[in-house]
Amino acid sequence: MGKLLIVGTVAFDAIETPFGKTDKILGGAATFIGLAASQFDVESAIVSIVGEDFPQEHIDLLKSKNIDLSALEIVKGGKTFFWEGKYHNDLNSRDTITTELNVLADFNPVVPEHFKDANVVMLGNLHPSTQLSVINQMKKKPDFIVLDTMNFWMDNALEELIEVIKKIDVITINDEEARQLTGEYSLVKAAAKIHEMGPKYVVIKKGEHGALLFHNKEIFFAPALPLEEVFDPTGAGDTFAGGFSGFLASTKSTSFSNIKNAVIHGSNLASFSVEKFGTARMEDLKREEVNERLHQFKTLTQFDIKLT
């Protein structure tokens, strides 16, 4: 069985979309990644930090998905990271109302001893120095180190981010971030520049327009499944990362064809995440539903054509 080490936020979110509004609910990158990865035959562990205000029911939920929480630090008297946001009508843009770092401001990740040999490390969106600390704690080079980051770190910690990018195998960012990181509008040129920084594989997410995978001169495109209803896109990118990294950890293959399949699995699980607010859809997602939608993905992209 493969091992997946997940590093990222376990948090509270408050979300408003055109379809409704929530109070504080379970959120955080590591939470979505862990729930998605639990769909695969893999041992996973979350390295994160929460406050004493974090409910036991959320901890029980994550444990019920066979996620190791021995490295989830609970700060006595502390408050959990909180983000509040409001989405515009197109659901592709949003305004951040509140960000409270709370205990995350002093987070120093400690990788559990029994996960220092994980074959896949998924570095959720955190300060690059925190991500680098995790890489340096690994006993051996994982098959894949997957990095998620965002434009905030490009604006405020670019030098440290470049150092992390040198040490990873896969980067997953959206199209806007790829353009900012490289100064290239063409995503093909942007991916080529990112390859030069270090990563063998570049995944550029395009939201409702799917995801692109680049490896040297090879390019693969995974569409996003057209959905009747999208309620909350908050955890979609992290769910994608969880499906992607969970599949890689479970299959233990580093071939390009296997990484293409990982992109499809990530896109498939992300399509469920957006159907309800927060983690609600991922909490009770059944394997049969996942497989049925995978067939829809295959039908969406498969065709026969005669070439002359």
Side-chain angles (χ1 to χ4, degrees), residues 1-11 26 28-52 54-76 78 80-81 103-104 106-148 164 167-170 172 238-239 241-254 258-259 262 265-266 269 279 282-283 287:
M1 184 183 291
K3 279 187 179 180
L4 171 64
L5 180 70
I6 302 162
V7 187
T9 53
V10 175
L26 176 61
T31 305
F32 282 102
I33 293 167
L35 290 173
S38 71
Q39 292 292 327
F40 304 96
D41 186 21
V42 63
E43 288 182 72
S44 62
I46 286 177
V47 180
S48 193
I49 187 170
V50 294
E52 197 175 10
F54 195 71
Q56 183 65 39
E57 66 187 85
H58 294 340
I59 293 174
D60 292 341
L61 167 68
L62 295 171
K63 285 183 175 179
S64 75
K65 303 296 183 182
N66 296 317
I67 300 170
D68 185 313
L69 296 183
S70 59
L72 178 65
E73 183 182 352
I74 302 174
V75 179
K76 192 172 182 180
T80 301
F81 174 75
V103 295
L104 190 65
D106 300 312
F107 178 41
N108 291 306
V110 178
V111 176
E113 199 64 34
H114 53 296
F115 272 86
K116 288 185 176 179
D117 62 348
N119 59 306
V120 176
V121 175
M122 180 65 232
L123 299 172
N125 179 27
L126 289 169
H127 194 290
S129 63
T130 304
Q131 296 171 325
L132 190 60
S133 165
V134 171
I135 294 172
N136 291 337
Q137 291 179 56
M138 302 304 292
K139 278 184 176 176
K140 65 181 183 92
K141 174 74 171 70
D143 294 336
F144 290 102
I145 300 176
V146 186
L147 172 76
D148 192 19
V164 177
K167 297 177 179 292
I168 63 166
D169 303 287
V170 187
T172 68
D238 296 315
T239 302
F244 179 85
S245 58
F247 179 80
L248 289 180
S250 66
T251 53
K252 297 183 179 180
S253 169
T254 59
N258 197 57
I259 297 167
H265 279 280
L269 288 170
T279 59
M282 301 304 295
E283 291 175 20
R287 190 68 220 175

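This one's a predicted model, so the numbers in the text were calculated from it and none came from an experiment.
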Could you give me the CA-CA distance, side-chain angles and deciding distance for L4 and I6, then say whether side chain to side chain contact (heavy atoms under 4.5 Å, CB included) is met?
CA-CA 6 Å; L4 171 64; I6 302 162; 3.8 Å; yes

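- Counting only residues at least two apart or on different chains, no salt bridge (Lys or Arg N to Asp or Glu O under 4.0 Å) pair has a member in residues 54-69.
- The line from CE of M282 to CG of L26 is 12.0 Å long, rounded to the nearest 0.5 Å.
- Taking the side chain as every heavy atom from C-beta outward, F247 and N258 approach each other to under 4.5 Å.
- With sequence neighbours left out, K167 forms a side-chain hydrogen bond (donor to acceptor under 3.5 Å, both in side chains) with no residue at all.
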Can I get a per-line list of side-chain donor-acceptor pairs under 3.5 Å for residues 38-47, giving both atom names and the distance, sequence neighbours left out?
residue: S38; atom: OG; partner: L35; partner atom: O; Å: 2.6
residue: Q39; atom: NE2; partner: L285; partner atom: O; Å: 3.3

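- Nearest approach of D238 to F32, heavy atoms of both residues: CB-CB, 3.7 Å.
- Every pair tested for salt bridge (Lys or Arg N to Asp or Glu O under 4.0 Å) that includes a residue from residues 121-136 fails, sequence neighbours excluded, so the list is empty.
- When every heavy atom of V103 is checked against every heavy atom of I49, the shortest pair comes out as O-CD1, 3.6 Å.
- To the nearest 0.5 Å, atoms CG (D169) and OG1 (T254) are separated by 9.5 Å.
- Residues satisfying the side-chain contact (heavy atoms from CB on, under 4.5 Å) test with V134, not counting sequence neighbours, are L5, V7, P109, V111, V121, L123.
- Scanning for side-chain contact (heavy atoms from CB on, under 4.5 Å) contacts around E113 gives K116, K139, with sequence neighbours left out.
- Looking at heavy atoms from C-beta onward, E73 lies out of side-chain contact with V50 at the 4.5 angstrom threshold.
- The backbone N or O of A29 sits less than 3.5 Å from a side-chain atom of T9, completing a donor-acceptor pair.
- Across S48 and G8, no two heavy atoms sit closer than the pair OG-O, 2.6 Å.
- Across all their heavy atoms, G246 and A37 have their closest contact at CA-CB, 4.0 Å.
- Of all heavy-atom pairs between T172 and D148, the closest is O-OD1, 2.8 Å.
- Considering only heavy atoms from C-beta on, L61 comes within 4.5 Å of S64 through its side chain.
- Note: I59 CD1 to L62 CG = 8.0 Å, rounded to the nearest 0.5 Å.
- Considering CG of N119 and OG of S245, their distance stands at 10.5 Å, rounded to 0.5 Å.
- In this structure, T279 and T31 have side chains that are in contact, with non-hydrogen atoms separated by less than 4.5 Å.
- The side-chain hydrogen bond (donor to acceptor under 3.5 Å, both in side chains) check on T80 picks up D53, with sequence neighbours excluded.
- For D143, the salt bridge (charged side-chain N to carboxylate O under 4.0 Å, His left out) criterion is met by no residue, not counting sequence neighbours.
- Applying the side-chain hydrogen bond (donor to acceptor under 3.5 Å, both in side chains) criterion to T239, with sequence neighbours excluded, gives S273.
- In this structure, CD in Q131 is found 8.5 Å from CD1 in I168, a value given to the nearest 0.5 Å.
- The side-chain contact (heavy atoms from CB on, under 4.5 Å) search around S129 returns H127, not counting sequence neighbours.
- Residues F144 and I259 have side chains in contact (heavy-atom distance under 4.5 Å, counting atoms from C-beta outward).
- Applying the ring pair (Phe, Tyr, Trp, His ring centres under 6.0 Å) criterion to F107, with sequence neighbours excluded, gives no partner residue.
- A search for side-chain contact (heavy atoms from CB on, under 4.5 Å) contacts involving D117 returns K3, K140, not counting sequence neighbours.
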